[in-house]
Amino acid sequence: MTEKNSSLFDNEIKEEDIKSLISSEIKKPNMRSQWFYYQTIRDVVRGEYCGSSNLSKNIMDAIDEEPTQMRGYSPAKELAVNLNSYNWQLILGFAVLFAIVFAGLNTQNKNTVTPVQLVYEEMPTDIMNAHFANTSSTANYFVQTTFTDN
Amino acid sequence: MKYLSLVLFLLTLVKTPLLADQNPWGIIERCQKASQNLNYKGIYISQNGQELKSVEITHALYGSEQFTRINLLDGNADEVLSHGKNVVIYHKHDNNVVIQKREQQHLFPAIFRGEIAEIKKYYLLSFGISERVAGRMTQRVNLIPKDSFRYTYNLWLDQETSLPLKMIISNIDKEILEQSAFNKIQFNTEKNLEWFTPTLDSSKKYLIDDSITKEINLNRFWVATNIPPGFKEVNFMVSKMSDMNLVRNHSVYSDGLSYISLFVQPVRKGQKPKVGDLSFNSTNVSARYFKGYQIMAVGSVPIKAVRSLIDSVVF
């Protein structure tokens, strides 16, 4: 019967066999996973496979934990999902797409930005603190840097 | 008369043993070694602009390893514990203590970080008069920059041990920008390492801040093509920008005494990038906007040094 299943997904089954196949297969407990398996194979063979919803969610969750750099991006060595080598191209695609979209949403469009004169009142404190914490020879070294207690 | 002059000259050398050296830069080498090898405990005042803070420091060399505990005596009771290259700072607040790992510390009196030969290339050494600091006789020495990319460092070195007991950083107009000076110091007081422990408070919550990380696997996409003469990159960090999931590149350059931080980070949505220069106390800042990125250099160096650095960043 699995051969018929395969034929069904490959559009190679006879029209008169479709009804009997579906009515008999739908009663089987493993039916859903088997059908999903054949659908996946068909999509991959045709180059139409775009991943399962769980895979996407796992990738998005893992990427969400990774800080984004708009330029010079290279993938993290490990992601928190167990994936085989076949899926790496997919992950890279998601990662690059996510990085671009996320960075685009959170950063300025450089074509429309007008810089302003640097003044003391608007000097970014996180930058000053990061500088003092790493270079100071005086008591400025004691400055607390980026941490916030949530 | 000839003999009298010779005797007087020899007596001068006896009175100021720091000068009794054929190599004048030997005094700076001994100063660097003293801050690493001596066991001492003292309190010094540190001033930067209007800010004045008292600091207690205990330093010891056990075997080949250095141990330092530094306590801030004014304001928050923050403390730093440093063992070799491992540096941890405890920020103490009303309800909690935030623990941060730091890359390094160059706090007075251990201000010399690397090879003295490198400093020699960019500073001239001159000797001043002998003065009392913290109840001890010192020899004043000045490190005067050969170019306009750094400030002058005036040091008062203990005549007996060569440890710096006072330091003033001044600009070309001899204005004081920063200073630190012991008002009390004792040598060889601590016989063991019992003092090398943080002051714990069981009523407070202890939190670890690991926001700065080097493990983020990102390529550096920019390059600084014109680093001020004598400065070399001594540290590079990638950290998450607070309240958003973007990263900041932070590179630290040093000539062995002075430091410049270079920041390269994307401009946040809704914020306007900054351009131009800013000076306060000894610190100069120069900012530039380039291809969607805020490029900013900060340093206790003249404005020329930070400006030339940011102007040279390309990607």
Side-chain angles (χ1 to χ4, degrees), chain A residues 63-79 95 98-99 101-150, chain B residues 46-48 51 53 55 72 78 80 89 91 96 98 100 102-108 111 178 180 207 209 211-212 216-221 235 239-242 244-247 250 252 259 261 263 266-269 271-278 280 285 287 289 291-292 296 298-299 315:
Chain A
I63 291 172
D64 207 32
E65 291 300 310
E66 293 288 318
T68 307
Q69 177 165 288
M70 292 164 70
R71 289 170 184 268
Y73 181 80
S74 65
K77 282 178 183 169
E78 285 183 31
L79 290 177
F98 181 82
V101 170
F102 190 87
L105 289 173
N106 286 283
T107 55
Q108 297 277 15
N109 178 350
K110 61 189 174 195
N111 297 324
T112 61
V113 171
T114 311
V116 294
Q117 179 64 37
L118 179 68
V119 292
Y120 180 77
E121 291 73 21
E122 292 180 14
M123 181 66 209
T125 31
D126 53 344
I127 281 186
M128 289 307 298
N129 292 348
H131 167 69
F132 285 135
N134 288 282
T135 64
S136 185
S137 60
T138 64
N140 282 332
Y141 181 79
F142 284 85
V143 71
Q144 186 174 321
T145 53
T146 56
F147 185 79
T148 50
D149 179 16
N150 297 316
Chain B
S46 185
Q47 183 184 16
N48 187 311
E51 287 241 12
K53 286 177 178 167
V55 178
L72 199 56
D78 291 356
V80 172
I89 185 164
H91 296 288
N96 61 40
V98 177
Q100 271 189 333
R102 291 277 171 92
E103 284 300 315
Q104 52 204 323
Q105 58 96 359
H106 327 283
L107 282 164
F108 175 81
I111 56 166
E178 279 184 48
S180 297
L207 306 161
D209 174 15
S211 58
I212 295 176
I216 298 174
N217 185 27
L218 296 172
N219 296 330
R220 193 189 315 210
F221 61 91
N235 202 358
S239 59
K240 266 187 176 181
M241 291 167 69
S242 55
M244 53 191 312
N245 205 24
L246 295 177
V247 293
H250 178 188
V252 178
Y259 294 88
S261 285
F263 297 91
V267 177
R268 299 163 195 238
K269 197 170 180 73
Q271 284 195 348
K272 291 188 174 175
K274 313 284 190 298
V275 292
D277 302 330
L278 186 63
F280 48 96
V285 185
Y289 178 61
K291 294 185 178 176
M296 198 174 277
V298 186
F315 46 83

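Small disclaimer: the values here were computed from a predicted structure and weren't measured. Quick note on labels: first sequence line is chain A, next is B, and so on, each numbered from 1.
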- What distance separates A:T135 OG1 from B:H250 NE2, expressed to the nearest 0.5 Å? 7.0 Å
- Query: Do you know the tightest heavy-atom contact between A:H131 and B:F263?
  - Reply: N-CZ, 3.9 Å
- Write down the atom of A:A133, the atom of B:R102, and the distance for their closest heavy-atom approach. CB-CZ, 3.3 Å
- Side chain, backbone, both or neither: which part of B:F108 has a non-hydrogen atom closer than 4.5 Å to chain A? both
- Query: Does some side-chain heavy atom of B:Q271 sit less than 4.5 Å from a side-chain heavy atom of A:E122?
  - Reply: no
- When rounded to the nearest 0.5 angstrom, what is the spacing between NZ in B:K272 and CG in A:L118? 14.5 Å
- Task: Mind checking the CE-NZ spacing from A:M123 to B:K274? Nearest 0.5 Å is all I need.
- Result: 9.0 Å
- Is chain A contacted by the side chain of B:V275, its backbone, both, or neither, given a heavy-atom distance below 4.5 Å? both
